[in-house]
Colleague: 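Let me begin by handing over the structure; questions about it come next.
These numbers come from the heavy atoms of this one structure, side chains and all, not from hydrogens, waters or symmetry mates. Bear in mind the structure is a predicted one, so any value in this text is a computation, not a measurement. Just so we're on the same page: letters track the sequence lines, and every chain starts at 1.
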Amino acid sequence: MKRSIATWMHKRPQVRLAALLAAPTLWLVVAYLGALGALLVTAFFTIDSFTGNVIAKFNLGNFHDMLTDPAYRNVVLRTLGIAISVTLICAIFAIPMAFFMAKIAKPKNQKILVALVLTPLWASYLVKIYAWRTMLEPRTGVMDWILGPIGIHSPGFGGPAIIIGLSYLWLPYMILPIYAGLERLPNSLLDASGDLGARNFYTFRRVILPLIFPSLVAGSMFTFSLTLGDYITAQIIGGKLQMLGNVVYQNFSINLPFAATIATIPVAIMAIYLWLVRRTGALASL
Amino acid sequence: MRNKRLFSQIAAASAVALILAGCSSSSHNASKTTLPKVDMMKSLGTGEGQVNIVAWAGYVENGSNDPKVNWVRDFEKATGCKVNVKTGSTSDDMVALMKTGEYDVVSASGDASLRLIYGGDVAPVNTALVPNYANIFAGLKNQPWNSVDGVAYGIPHGRGANLLAYRTDIVKPAPTSWGAVFDPNSPYKGKITAYDSPIYIADAALYLMKTQPDLGIKYPYALDQKQFDAAVALLKVQKPLIGEYWSDALKHIASLKSGGTVLGTTWQYNINASKADHVPVEGFKPVEGSTGWSDTWMVSSKAKHPNCAYLWMDHIVSPKANAAVAEWFGEAPSNAKACDLTSDKNFCTTYHAADEAYWKDVYYWNTATQACLDGRTDVKCVPYSEWVKAWSSLRNA
Amino acid sequence: MSLMGIGLAFIYVPLSVVVINSFNSSRTFSWPPSRFTTEWWGKAISNTGVRKALSWSLAAGLSATFIALLLGTSLAFAVSRYNFFGKDIISLLVVLPISLPGVVTGIALSNAFNQQIGLSTGLLTIVIGHATFCIVVVYNNALARLRRMGTSLQEASMDLGANGITTFRLITLPNLASALFAGGLLAFGLSFDEIVVTTFTAGPGIQTLPIWIYNNLFRPSQAPIVNVVAATLVVVSVIPIYLSQRLSQDSTSGGRF
């Protein structure tokens, strides 16, 4: 019986395909796209000013408020700036580290290094950010305590602190895909470039970078999108600054339609980002 | 060509998503603006064996955080009502949970209680069935956030005032007025803090109420557009002075200790914690008075365990439990007799629990609604959802 | 070499601050510690709330990982072995939950659960939320492995008379196992430390470990205990990382993204 079903299935690839696709597609479309769609629809609704209940009546008031108030343009630009900085910093740290791990370290040490890079992922997000509060506290923090004597001082709480904190949190998400990409490159390729007289930087720019570019993009998806939606780091070490996530979070509880309106911004940004990423062909290797 | 195909796929998928969304979103309830008629409990029966509670963290402690902190065990033993607690993280969480009808009692803050009352989610409370209600401070009974037209909708739990904190070694002379945090020429620029919530707009309104009588502000939670704009404008003046806004006590206390913050709004609990850490800091209620908070235990209109719910409300404001909660959470107890039972004998003095004169000019958090809460009918007031928008806008301007 | 050193220092200095602060006598982690104490460790051990939170986290993480393994693997099979209308959009759709900010996913799911379908939030809703963004890591790992494996082994097996199920059991699955393990571990890790989506999808009665930490970190009387928990997690995390290293010999680094 079992065998006959298997044979029957084997002869009908369409049925097998449908069986494979049904559950995941249903899940992603109903649970995820459905929820997302409902949220975007809510952006066009309004609330009863007395009870705070959502009223399902189409209007563009929220979009009007969002587009006419310069505060929201500021927070979008600020958040984008932070997301780009975090992505660049992570890339600058991650490329040499991943290169060392994959190509220079002895195979035995490779695993230890990977483990060392992965470990902080298990310490709670919040605890790490609070540790950065202790690190960055002006004058009395760890940073001034260690680096103060050589003239480097903490930037205090604000934009730079957010960038440092988020770069710290997302760095492993950038290192891992680049490491995986580099590991697949045959050593002979680098040797060949060196043998042909290319200097290290030239080899890096013309040989390695194009080959790991898809991995770099894959990593940037994490650093960029995680930064775009963050609101907790800004609360703890952001000083006076807020990010897009804070605005969404603030409005969510009392005025869902407006929160949904604000949420369309990161969705649009990520849609553009995905579109660009897709054009580079990196998505296929993601 | 590939792109074209993807487009058609995206179009198909979006259509599906929108259809799904459209189908489901039509179920939103129409809003209610009149006070729903909900019956009050007439007499107390025997307990149903359990009670489902929605409460703030720290209000219902059963020993799981600290084995010594437990006021649930006595209640369960005495009444046979097993306590199931859900910790609410925001007022909106609590409102949403109460709407499910699965819960019997809630510890509602002033920014949730009116919504629950007008939403028909909570019932008027028959205070005759709560013996300990008699000992609750008069200043907490029948207030705008826990009653409507003289009918009590809940049992007051405790209260606190938002004080002005300053570092005694740095801020000299000692401030006396909230003006210290709104002074554009303050020598402490960059080291002033404010509470990070839209409700802080009321603090500015309170200051204007006392210093600019022309605006005609009578109650900081009832602001017409002109008064509201003035309060927001004041906060805009204040913004360059601020070093950090705070919403979690830990960050605030750490900042007071390091000197990153030397002046700004605080809670009594934070002052006490800082002093225990030997930080030279003082907190007081300025001449203008202050904003504050007072939570209320309310019973669900759909309670499945109403008897246990009433028993719980009576227990939590009983002198012993009320004292324990107040000390654990850091607030003034609501029961006058609780003051004899606190482990710190000065507790009630520190928190001004029995000092009714002290609370006279404390304006407890309330939810601003379009119908002005100060009774004006000739104007519309700015509802709280607009407060939130204005706060977002201010913080990012 | 030196860059690696700087990078590791960047990673480990804050982590050591966490460990040192778990012995710091100040409740607000003031630096440098004036006095050291083991009080917090003692309090953490007697704290039953944290153990309960840990068990919620494990339950949520394991369930979400299980669903992600099922859905991610079957999707990877479909995409790697077949051509069909909508393939492009499926591969885009699976990336979407992790590439859209958590706060958007969070409020979308919360809105759907509370307002639209009236599903009361609890463990189930957390699992749904987590599984949604965990599918992609399993999918990516499985897809990469399936592409590298090609179909020749399966064809050989079928030619030798094995049916589809036998081939899957004896050929495909063993070859796929390490990739699935790596993907599953990563999915579990993502779920275990997730806070944003969890904040919106957890019923307030359920505290996963990150939510417990969030609630306690903001109460100074409890805050130092949180450092103890974090320090313990860092130490305990060596076990799954070691396992993943052992089991995914030929696979890359605990998984590809």
Colleague: Can you tell me if C:S99 uses its side chain to pair, donor with acceptor, with the backbone of A:S225 under 3.5 Å?
Modeller: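 Checked: no pair found.
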Colleague: Side chain from CB out, backbone as N, CA, C, O: work out which of these in C:L70 comes under 4.5 Å of a heavy atom of chain A, or both, or neither.
Modeller: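 For C:L70, no heavy atom lies under 4.5 Å from chain A.
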Colleague: Rounded to the nearest 0.5 Å, how far does CG of C:D193 lie from NZ of A:K128?
Modeller: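 If I round to the nearest 0.5 Å, the distance is 5.5 Å.
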Colleague: Among A:V142, A:L226, A:V248, who wins on heavy-atom pairs under 4.5 Å with chain C?
Modeller: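 It is A:V142.
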Colleague: Find the one option among A:Y273, A:Y231, A:W27, A:F224 whose heavy-atom pairs under 4.5 Å with chain C are most numerous.
Modeller: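 So the answer, after comparing A:Y273, A:Y231, A:W27, A:F224, is A:W27.
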Colleague: Please look at C:V17 and chain A and tell me whether the side chain, the backbone, both or neither of the residue comes under 4.5 angstrom of a heavy atom of that chain.
Modeller: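 Contact with chain A involves the side chain of C:V17 alone.
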Colleague: Using a 3.5 Å distance criterion without hydrogens, assess whether the side chain of A:Y125 forms a donor-acceptor pair with backbone atoms of C:P210.
Modeller: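 A pair under 3.5 Å: no.
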Colleague: For A:F252 and C:N111: C-alpha separation, side-chain torsions, deciding distance, then whether side chain to side chain contact (heavy atoms under 4.5 Å, CB included) applies.
Modeller: CA-CA 10 Å; A:F252 160 73; C:N111 177 46; 5.7 Å; no
Colleague: Which label fits A:F93 and C:F10: parallel for a plane angle under 30°, tilted from 30 to 60°, or perpendicular past 60°?
Modeller: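 Judged by the thresholds at 30° and 60°, the geometry between A:F93 and C:F10 is parallel.
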Colleague: Hey, could you give me the CG/CD1 distance between A:L256 and C:I107, rounded to the nearest 0.5 Å?
Modeller: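 So the CG of A:L256 and the CD1 of C:I107 are separated by 6.0 Å.
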Colleague: Would you mind checking which part of C:L209 comes under 4.5 Å of any heavy atom in chain A, side chain (CB onward), backbone (N, CA, C, O), both or neither?
Modeller: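 The answer is neither part of C:L209.
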Colleague: Between A:M135 and chain C, with a heavy-atom cut-off of 4.5 Å, which part of the residue counts as in contact: side chain, backbone, both or neither?
Modeller: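 When you check distances to chain C, only side chain atoms of A:M135 fall under 4.5 Å.
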Colleague: For a side chain to side chain contact (heavy atoms under 4.5 Å, CB included) check, start with the C-alpha distance between A:I232 and C:Y214, then their side-chain angles and the critical distance, and finish with the verdict.
Modeller: CA-CA 10 Å; A:I232 297 173; C:Y214 191 83; 4.1 Å; yes
Colleague: What is the minimum heavy-atom distance between A:A35 and C:A112, and which atoms define it?
Modeller: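 Minimum heavy-atom contact is CB-CB, 3.8 Å.
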Colleague: Under 4.5 Å from any heavy atom of chain A, what part of C:V79 do you find: side chain, backbone, both or neither?
Modeller: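 Neither the backbone nor the side chain of C:V79 comes within 4.5 Å of chain A.
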Colleague: What's the spacing between A:L20 CG and C:L75 CG if we round to 0.5 Å?
Modeller: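 Those atoms lie 9.0 Å apart.
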Colleague: Under 4.5 Å, heavy atom to heavy atom: which of residues 263-271 of chain A reach chain C? Give them by number, or say none.
Modeller: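 Contacts with chain C: A:A263, A:P266, A:V267, A:M270.
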Colleague: Mind ranking C:L233, C:T232, C:L15, C:V18 by heavy-atom pairs under 4.5 Å with chain A and telling me who comes out on top?
Modeller: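 When all of C:L233, C:T232, C:L15, C:V18 are compared, C:L15 has the most.
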Colleague: Can you name the nearest heavy-atom pair linking C:I11 to A:Y168, along with the distance?
Modeller: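 The answer is O-OH, 2.5 Å.
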Colleague: With A:L126 as reference, evaluate C:I213, C:I211, C:V226 under the side-chain contact (heavy atoms from CB on, under 4.5 Å) test and give the passing residue.
Modeller: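 Checked C:I213, C:I211, C:V226 against A:L126; only one passes side-chain contact (heavy atoms from CB on, under 4.5 Å): C:I213.
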Colleague: Side chain, backbone, both or neither: which part of C:F77 has an atom under 4.5 Å from a heavy atom of chain A?
Modeller: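 Both the backbone and the side chain of C:F77 come within 4.5 Å of chain A.
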Colleague: Might you point out which heavy atoms bring C:M4 and A:M97 nearest each other, and give the distance in Å?
Modeller: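 Reported closest heavy-atom pair: SD-O, 3.6 Å.
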Colleague: Any non-hydrogen side-chain atom of A:Y249 less than 4.5 Å from a side-chain atom of C:V196?
Modeller: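 SC-SC contact between A:Y249 and C:V196 ruled out.
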Colleague: Find the distance between CG (C:L93) and CG (A:L28) and round it off to the nearest 0.5 Å.
Modeller: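 It comes to 4.5 Å.
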Colleague: In terms of heavy-atom proximity below 4.5 Å to chain A, should C:I128 be classed as side chain, backbone, both, or neither?
Modeller: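 Looking at C:I128, backbone and side chain both touch chain A.
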Colleague: Can you confirm whether C:F84 sits close enough to A:L21 that some side-chain heavy atom of one is under 4.5 Å from a side-chain heavy atom of the other?
Modeller: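 Yes. Closest side-chain heavy atoms under 4.5 Å.
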Colleague: Looking at CG of C:L8 and OG1 of A:T119, how far apart are the two atoms once the value is rounded to the nearest 0.5 Å?
Modeller: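 Reported value, rounded in 0.5 Å steps: 10.0 Å.
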Colleague: Please determine whether side chain to side chain contact (heavy atoms under 4.5 Å, CB included) holds for the pair A:M243 and C:V103, giving the CA-CA distance in whole Å, both sets of side-chain angles, and the decisive distance to 0.1 Å.
Modeller: CA-CA 12 Å; A:M243 293 173 63; C:V103 68; over 6 Å; no
Colleague: If you measure from CG on C:N227 to OG1 on A:T134, what distance do you get to the nearest 0.5 Å?
Modeller: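 So the CG of C:N227 and the OG1 of A:T134 are separated by 7.5 Å.
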Colleague: For A:L36, is it the side chain, the backbone, both, or neither that has a heavy atom closer than 4.5 Å to a heavy atom of chain C?
Modeller: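 Its backbone and side chain both get close to chain C.
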Colleague: What's the shortest heavy-atom distance between A:A131 and C:P14, and which atoms?
Modeller: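 Where A:A131 meets C:P14 most closely, the heavy atoms are CB-O, 3.7 Å.
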